[in-house]
Every structure is written in structure tokens, then in C-alpha cells.
Number of protein chains: 2
Amino acid sequence: MIELSKAEFAVMEALWQGYPAKASDIVKRLSDDTQWHEKTIKTLVSRLVKKQAVSFEKDGREYIYTPTIGREAYTLKESQNFIARLFRGRVAPLVSGFAKTQQLSQQDIDELKQIIEQWEQKQGK
Amino acid sequence: MIELSKAEFAVMEALWQGYPAKASDIVKRLSDDTQWHEKTIKTLVSRLVKKQAVSFEKDGREYIYTPTIGREAYTLKESQNFIARLFRGRVAPLVSGFAKTQQLSQQDIDELKQIIEQWEQKQGK
DNA sequence: CGTTTTTGATTACAGATGTAATCTTAATTT
DNA sequence: AAATTAAGATTACATCTGTAATCAAAAACG
């Protein structure tokens with residue numbers, strides 16, 4: 001699986017916001033959230049290309065970048081890994097921690113209920 | 001917050017299994033799960049001491065190690081960070097990903113239901 | 001056309017990480 | 001007592017990460 005560092009992930013977020021995108025677009029988007037130097041961002045983009053998380057097409061001397069992986073797919077993989085490592089693959093303990101420390105909102109609860117409902121539908125139960 | 005690398009976390013897991021514990025105990029426990037060399041494990045323990053995730057008492061020339069942070073507290077912090085970074089702080093999207101890819105068990109569902117129930121009790125609703 | 005700017009490529013460099021090996025010193029064994 | 005072993009301390013070293021600076025080449029500007 002493609003592994004991204006935190007900084008690389010932040011760059012992916014900027015790209016996922018809209019693609020294909022030029023380096024300058026990515027830089028612009030990231031300026032809103034970070035103080036990263038343009039050079040830093042370009043280094044990160046290069047590393048993403050090398051890791052094949054991002055592909056590019058040439059347009060004159062500029063490159064037009066596109067993510068090769070979707071945000072959903074990536075975050076799901078990461079979540080699975082995380083949950084496997086910390087909670088032996090089960091999601092409930094994580095949610096439980098949030099509950100115990102009052103970090104669940106009404107919205108979370110509503111969504112969880114819906115997830116459960118759909119799950120039960122699918123189980124034909 | 002104390003930051004642990006993956007390898008360091010694995011060592012903490014071994015220590016959390018039972019403490020205070022001698023280095024040799026930790027090594028023994030980890031042999032079940034990993035192929036790490038004893039030297040490697042001791043290096044990791046030293047780094048944990050340096051990071052103050054672990055403290056020790058001398059007993060002759062051996063050290064007796066104790067974690068300074070609990071597993072629950074640490075994994076909660078990590079989870080918060082993770083969820084903040086990937087899902088803007090909300091757990092439901094993560095659970096939703098698991099649901100979509102059939103990674104929720106009946107047990108997960110039961111536990112989630114219980115969490116919800118308790119949450120609603122607390123909200124006095 | 002020469003100069004400045006801009007783009008990506010290459011190089012830099014310190015700290016973290018994985019994964020030990022070597023060193024020092026004290027304990028154990030013979 | 002001499003030799004071996006074992007514990008932690010120190011050193012090692014490649015790779016990854018964060019964070020750029022410098023370089024080469026092409027484009028835009030004057």
C-alpha cells in the first residue's frame with residue numbers, strides 16, 4: 001500500500017480538493033492552512049509522484065497533477081491499519097473512548113444509528 | 001503529548017501486558033509477536049525512557065520498568081489525533097467506511113448500540 | 001536579444017525511526 | 001582469581017520526514 005507521511009497527506013488533501021491541478025494551485029490551496037514554503041510543497045509533490053500517489057501530465061513546462069488514489073480509499077486503508085494496530089481491528093473500542101470523554105455529538109449519534117440500521121437491513125434481519 | 005513510533009508502541013503494548021517488568025520480560029513477551037533482536041528491543045526501551053513514556057527503578061544492575069501513561073489514555077489521544085486529521089474530528093465517517101466494506105461484526109453493532117444507549121441516558125433524553 | 005522570473009530537478013541537512021553492534025562494567029561461573 | 005556472561009550505555013547506519021535552498025532550463029519581460 002502507498003504510505004503517506006502527514007505532510008504528504010496534507011498535500012493530497014489540497015489536491016483532492018480539485019484535480020487535475022497545477023503545482024501553483026496546490027500551493028495556493030495550502031497557503032490557507034499552512035505556512036509552508038512553495039519549495040517545501042513542491043518537494044512534497046515530487047515525493048508523492050515518486051510514491052505514485054500522484055501522476056502528472058506535462059503542459060508546456062508545467063505539470064498537471066492528478067491523485068492516483070481516492071481520498072475515501074486511502075482513509076479507509078489508513079483507518080483499518082490504525083484500528084488493527086490500536087484496537088485489534090475492532091471499531092467499537094475507539095468509539096467507546098470518544099463516548100467516555102464526551103466527544104460524540106448528536107450528529108455522530110444520528111449517523112451511527114443510521115449506519116446500524118443499514119447494517120441490519122443488509123443482514124436481512 | 002508523548003509521541004510514540006509504531007515500534008515503540010509495540011514495546012509499550014508488551015509492557016502494558018504487565019508491569020513493573022524487567023527488560024528480559026519485555027523481550028520475552030515480544031518474542032511471541034516479533035523477530036526483534038534483544039538489542040533492538042532494549043534500544044526501544046531506552047528511547048521510551050528518554051521520551052518519559054516509561055520510568056524505571058534500579059534493582060541491582062537490572063532495571064524495572066513501568067509505563068508512565070496508560071494504554072487507554074494513550075490510544076484515546078492517538079485516536080483523537082487520527083480522527084481529527086482524517087475526518088475533521090468526527091468518528092461517524094470512519095465507522096461508515098467500515099460499514100461499507102463489511103467490516104462491522106455483530107459484536108461491533110451490539111457494542112455501538114450500547115454506546116448510543118448510554119450516551120442518550122447521559123443526555124437525559 | 002539580454003535579463004529576470006518561474007518551473008521542475010537536484011541537493012541539503014537535521015531529527016525520527018528501524019534495526020542492531022560494540023563498549024563498559026558488574027555479576028556469575030569455573 | 002580468571003574467564004565468561006549479561007545489563008544497560010553508547011555508537012552506527014540507512015531510510016524517512018520536514019523543511020527548504022540551489023541549479024538548470026525555458027518563458028516572459030523590457
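Lettering of chains follows the sequences in order, A, B, ..., and the numbering in each one begins at 1. Below, each value reflects all heavy atoms present in this structure, side chains not excepted, and no hydrogens, waters or symmetry copies.
- In summary, the side chains of D110(A) and Q114(A) do not present any donor paired with an acceptor at a separation below 3.5 Å, with no hydrogens or angles considered.
- Within residues 47-68 of chain A, the residues having any heavy atom under 4.0 Å from DNA chain D are, by residue number, R47(A), K51(A), R61(A).
- Rounded to the nearest 0.5 angstrom, S96(A) OG and W119(B) CH2 are separated by 15.0 Å.
- Side-chain atoms of E117(B) and Q121(B) form no donor-acceptor pair, as typed in the model, at a separation below 3.5 Å.
- Of the inter-residue distances, the one linking K122(B) atom NZ with K100(A) atom NZ reads 10.0 Å to the nearest 0.5 angstrom.
- Contacts between residues 24-44 of chain A and DNA chain C, defined by a heavy-atom separation under 4.0 Å, are made by K39(A), K42(A).
- A distance of 4.0 Å separates CD of Q103(A) from CD of Q80(B), quoted to the nearest 0.5 Å.
- Atom pair E3(B):CD and dA16(C):P shows a separation of 11 Å (rounding to whole Å applied).
- Atom NZ in K6(B) sits about 12 Å away from atom C1' in dC16(D), given to the nearest Å.
- As rounded to whole Å, 13 Å separates atom P of dT17(D) from atom CD1 of I2(A).
- If you check dG18(C), dA9(D), dG8(C) against the side chain of S5(B), the one that comes closest is dG18(C).
- Taking CD1 of I26(A) as the reference point, atom CE of M12(A) lies at 9.0 Å (rounded to 0.5 Å).
- Between atom OH of residue Y19(B) and atom OG1 of residue T68(B) there is a gap of 10.5 Å, rounded to the nearest 0.5 Å.
- Interatomic distance, OG1 of T75(A) versus CG of L86(B), reported as 6.0 Å (0.5 Å rounding).
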